[in-house]
Amino acid sequence: EELARLGHKRIAILTNEGNANPDAHSRVSLLRGCLADSNIALPEAWVVPTVESDDASVSSALRFLVNASDPPTAIFCWHDRLGYRVLQHCSALGISIPSQMSIVGYDGLRWPAKAPHILASVQIDLEQIAETTVRNLDNLIHGKEATATTHKVRGALMAGTTRAAPHGS
């Protein structure tokens with residue numbers, strides 16, 4: 001919503017390889033829906049899988065996006081640690097953040113990084129998640145029926161220094 005409000009129309013997503021992680025898959029699905037609600041097209045090629053622990057994978061994904069004929073103006077990273085790695089690669093490639101590219105992560109966590117920025121991030125209420133998890137665990141311990149549940153937790157944007165209106169807007 002924030003990227004759309006700032007005027008971004010070309011937004012890419014960095015996710016995990018194979019979408020094997022259910023959290024990554026959920027976050028990508030939710031972002032797709034949000035972009036569609038804002039009438040923003042998401043080219044399938046711009047949902048780029050990465051192996052986060054592999055610098056070559058992250059660098060290759062970033063190079064692929066910035067070398068597109070009409071490159072994205074923003075990148076959503078499925079979690080903050082990946083977002084900070086992307087920031088480091090942007091710095092190494094001479095990509096100016098946020099004037100050339102806005103970067104947004106997810107989790108609301110700060111990671112040690114060499115990048116001179118604080119990642120803008122969707123912060124989730126970890127306390128609420130922990131309370132729900134402990135309650136469910138307590139129910140299991142006391143022999144109460146265990147059922148799979150899904151709880152929606154609203155996120156809030158942590159501003160950071162990595163988002164701005166697209167260049168030239």
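One-based numbering along the sequence shown.
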Would you say that [X] contacts [Y] through its side chain, given a criterion of any heavy-atom pair below 4.5 Å between the two side chains?
{"X": "T73", "Y": "H167", "value": "no"}
{"X": "L157", "Y": "Q123", "value": "no"}
{"X": "L31", "Y": "L35", "value": "yes"}

Working note: T162 + H117, criterion side chain to side chain donor-acceptor pair (under 3.5 Å); need CA distance, chi angles, decisive distance, verdict.
CA-CA 7 Å; T162 60; H117 288 282; over 6 Å; no
Between R85 and D55, is there a salt bridge with N-O shorter than 4.0 Å?
yes
Salt-bridge present (R27, D107; N to O < 4.0 Å):
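Yes, R27 and D107 are salt-bridged.
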Look only at the side chain of H8 and the backbone of A164, and say whether a donor-acceptor pair between them is shorter than 3.5 Å.
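Checked: pair present.
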For the CD atom on E2, are there more than 12 heavy atoms of other groups (residues, nucleotides or ligands in this structure) within a distance under 6.0 Å?
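For E2, atom CD is crowded (more than 12 foreign heavy atoms under 6.0 Å).
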Flag yes if more than 12 heavy atoms outside R32 fall under 6.0 Å of its CZ atom; otherwise flag no.
yes
Mind listing the side-chain donor-acceptor pairs of residues 92-100 below 3.5 Å, one per line with the distance, residues two or more places apart or on another chain?
from : atom 1 : to  : atom 2 : distance (Å)
S96  : OG     : S99 : OG     : 2.7
Q100 : OE1    : S96 : N      : 2.6

Decide yes or no on salt bridge (Lys or Arg N to Asp or Glu O under 4.0 Å) for K144 and D138, but give the supporting numbers first.
CA-CA 9 Å; K144 296 180 181 173; D138 187 58; 5.9 Å; no
Given side chain to side chain contact (heavy atoms under 4.5 Å, CB included), test I124 with Y106 step by step and report yes or no.
CA-CA 8 Å; I124 56 172; Y106 189 100; 3.2 Å; yes
